[in-house]
Number of protein chains: 2
Amino acid sequence: MVKVSSGVGPIPRATMGDVAKRLGISKAAVSYALNGQPGVSSETRMRVLALAKELGWYASSSARALSGAETGVVGLVLSRPSDLLTIETFFIHFLSGVEKVLTERGSSLLLRVIGEHPEAEINTYERWWGERRVDGVILVDERHQDLRLSAVERLGLPAVLCGGPIKGSSLPCLWTDQGADATKVMEYLVSLGHGRIAHVSGPPRFVHERTRRRGVRRAAKTLGVVVETHEAEYTGSQAADVTRRLLDQPGPPTAIVYASDVMALAGLGVASALGVPVPAQLSVVSWDDSYLTTLVHPAVTALWRDTPAYGALAASMLLDLVDGRNRGRMQLPASTLNVRETTAPPA
Amino acid sequence: MVKVSSGVGPIPRATMGDVAKRLGISKAAVSYALNGQPGVSSETRMRVLALAKELGWYASSSARALSGAETGVVGLVLSRPSDLLTIETFFIHFLSGVEKVLTERGSSLLLRVIGEHPEAEINTYERWWGERRVDGVILVDERHQDLRLSAVERLGLPAVLCGGPIKGSSLPCLWTDQGADATKVMEYLVSLGHGRIAHVSGPPRFVHERTRRRGVRRAAKTLGVVVETHEAEYTGSQAADVTRRLLDQPGPPTAIVYASDVMALAGLGVASALGVPVPAQLSVVSWDDSYLTTLVHPAVTALWRDTPAYGALAASMLLDLVDGRNRGRMQLPASTLNVRETTAPPA
DNA sequence: CTATTCTACTGAACCGGGCAAGCGCAGGGA
DNA sequence: TCCCTGCGCTTGCCCGGTTCAGTAGAATAG
């Protein structure tokens with residue numbers, strides 16, 4: 001045990017044995033007293049609790065975990081290139097929701113940020129589970145043909161998938177109805193009078209992007225309008241490139257739906273640079289909402305969902321699973337369309 | 001031990017005892033072999049390593065930690081209201097740097113996100129240390145009269161402070177030279193010809209905001225110009241309010257320096273809404289740089305520092321401290337001023 | 001040919017809790 | 001008086017590693 005070499009000596013950390021010795025009773029009695037179990041008189045219990053408090057005793061998490069209990073730690077791997085990661089306000093909102101529930105229920109979060117290497121992520125789960133470091137994990141960013149699902153099932157590692165629903169698996173999962181969201185956006189734009197609409201989506205390796213794309217196509221068909229989907233990474237520069245191409249072509253779209261707030265902002269920047277007035281000549285919608293959309297002028301119309309609640313639900317489903325209660329598949333409430341200043345009838 | 005109730009049974013996790021039994025040797029021999037210690041023949045070592053790999057053996061972190069070793073976990077508490085947290089791209093950049101070093105050196109990060117309650121943060125450290133959950137912690141956001149410093153010293157909890165330098169303490173710390181940065185910004189603005197400059201700072205409970213303010217005042221005096229500092233929380237709306245007040249007054253400033261990128265963006269939004277052209281009539285500088293500053297049009301002139309490197313250094317200093325090497329006080333390289341489109345000579 | 005050293009191992013204690021089994025003693029019923 | 005029950009506590013083993021103190025046998029030295 002290495003100690004910080006500060007002037008004041010560190011407090012020696014008390015053990016149950018110390019408490020027992022000081023009171024002249026056995027370790028077991030102390031254990032029963034501290035855990036609220038029967039087997040000790042209430043007088044002894046009081047004395048134990050008082051002394052434990054005085055000594056600043058905490059149960060060693062390692063010792064607890066070693067004797068079969070849970071670790072009280074939940075793992076989360078963020079597997080995106082770090083420059084993309086910074087772009088997503090989604091995660092930090094999500095994390096704050098996760099944290100809230102974990103804190104309430106006495107757990108903590110082991111976080112790992114890695115580049116986008118699916119094997120590295122699966123390796124992390126293997127290690128964490130092998131080392132008994134976590135009780136379970138939250139899987140975010142469902143991918144097309146996601147290898148992580150079979151990996152956690154093979155390991156027997158309790159996990160909750162943010163995505164789905166998945167067939168033929170008892171893994172609990174929770175998801176947003178992207179199809180309903182797509183319909184909501186498309187109906188709104190069509191009601192304004194738009195007929196040439198572009199959809200700048202994120203990369204199709206993410207399942208939710210595929211689902212959105214399908215939803216958009218289906219809604220367009222139903223509504224009798226034309227929609228083109230263009231794929232881009234979740235970066236401002238890629239979104240800007242796509243936007244430039246869209247606006248430079250003859251017969252440009254009158255409305256563009258972007259997969260994220262950052263992409264929408266980049267699109268706005270391009271429109272402004274090209275002298276295309278928003279919303280007079282171009283309407284812009286963002287599929288994700290955040291403080292960014294109201295920070296800029298004009299403020300961006302966006303689909304909003306309660307991301308902290310999403311994280312909170314994921315965490316609570318995982319803790320329940322660890323406790324032996326599989327809550328199965330849960331669908332989140334549909335998003336709300338926050339209409340702001342970037343949408344209007346076409347010129 | 002609760003198991004996920006999936007169709008396939010979970011892999012039983014092998015222990016050193018299993019390996020020993022299967023090879024007909026003692027646990028101790030297995031331990032020596034796996035840890036690269038002398039005391040076993042290379043032939044036995046090979047057989048142990050091969051079997052361990054085959055069985056998918058990992059050392060139980062709890063058992064390791066229990067027998068005196070470190071836990072391999074570093075703690076970090078983010079203590080800001082969650083709505084402010086989302087605003088700061090700083091943290092996620094910082095975290096990615098921290099993670100990089102921790103991963104390289106085989107540690108992981110225990111993250112806790114709490115509201116701004118200093119006692120809650122200190123409680124967390126007490127618990128973590130008492131429960132032997134972490135080897136050390138990284139303290140971010142140095143506050144005025146920071147109670148956390150004495151708390152970690154009292155506990156003997158290894159810690160690194162992002163801030164300082166602090167007198168009369170051997171706590172390792174690392175900081176940016178805010179004074180030099182202030183001078184850099186002010187000299188640049190004055191060289192453009194600005195004489196009425198406003199500084200919209202963050203809340204003074206953060207030491208770095210006080211240092212910046214002092215630096216700005218000092219530079220202004222040296223350069224013979226007038227600077228007013230206005231305090232605001234790190235939110236877009238507060239920055240917007242201050243900006244409106246500044247621009248509405250008679251003889252408004254010709255340049256505004258904002259404490260963060262988000263605040264600068266909010267300021268830009270207000271200027272745009274009020275019809276004040278940037279940079280023709282107002283120059284804008286952000287004290288923090290991020291992808292946001294280049295996303296908008298016009299792109300924002302900003303002070304840039306390598307935040308991931310900051311996090312990486314903090315993590316490596318902490319791991320060194322845990323290993324018994326106190327690297328003392330370290331100053332980070334000065335920031336670079338990225339001149340973009342929001343600064344020009346005053347009208 | 002013995003004395004010493006070294007190699008390659010084994011056995012057991014230990015870390016700090018959890019928990020099953022056992023044990024002495026008091027009180028109650030027959 | 002004896003038996004039974006149950007309270008309140010103790011003993012002791014378990015979890016899965018680490019580590020120290022041996023020890024048998026082979027190699028080397030004198």
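Quick note on labels: first sequence line is chain A, next is B, and so on, each numbered from 1. Heavy-atom basis, side chains included; hydrogens, waters and symmetry copies ignored. Since this is a predicted model, take the numbers as computed values, not measurements.
Contact check of residues 34-45 of chain B against DNA chain D (heavy atom, cut-off under 4.0 Å) returns N35(B), Q37(B).
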Report summary line: In 5'-to-3' order, the base (B), backbone-only (S) or no-contact (-) status of each nucleotide in nucleotides 11-16 of chain D, using a 4.0 angstrom heavy-atom cut-off, is B---BB
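Between the CG atom of L155(B) and the OG atom of S150(B) there is a distance of 9.5 Å, given to the nearest 0.5 Å. Note: S107(A) OG to D135(A) CG = 6.5 Å, rounded to the nearest 0.5 Å. In this structure, CG in L78(B) is found 5.0 Å from CZ in F91(B), a value given to the nearest 0.5 Å.
Side-chain N/O atoms of S31(B) include one lying less than 4.0 angstrom from OP1 or OP2 on dT18(D).
Remark: P of dG8(D) and CG of L23(A) are 17 Å apart, rounded to the nearest angstrom. Going from atom CE of M46(A) over to atom P of dG8(D) covers 14 Å, rounded to whole Å.
Pairs engaging residues 49-66 of chain A under the side-chain hydrogen bond (donor to acceptor under 3.5 Å, both in side chains) rule: N35(A)-R64(A) [sequence neighbours left out].
The C1' atoms of five pairs define one axis at each end of the helix from dC1(C)-dG30(D) to dA30(C)-dT1(D), and these two axes lie 60° apart (to 10°).
Residues satisfying the side chain to side chain donor-acceptor pair (under 3.5 Å) test with E142(A), not counting sequence neighbours, are none.
A salt bridge links E121(A) with R143(A): the distance from a Lys NZ or Arg NE/NH1/NH2 to an Asp or Glu carboxylate oxygen falls below 4.0 Å.
Of all heavy-atom pairs spanning A151(A) and I122(A), the tightest one is CB-CG2, 3.7 Å.
Remark: E43(A) CD is loosely packed, at most 12 non-hydrogen atoms of other residues, nucleotides or ligands lying under 6.0 Å away. Heavy-atom neighbours of R127(A) CZ from other residues, nucleotides or ligands within 6.0 Å: at or below the threshold of 12.
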Which pairs of donor and acceptor atoms, one on a side chain in residues 156-167 of chain B, lie under 3.5 Å apart (sequence neighbours left out)?
none

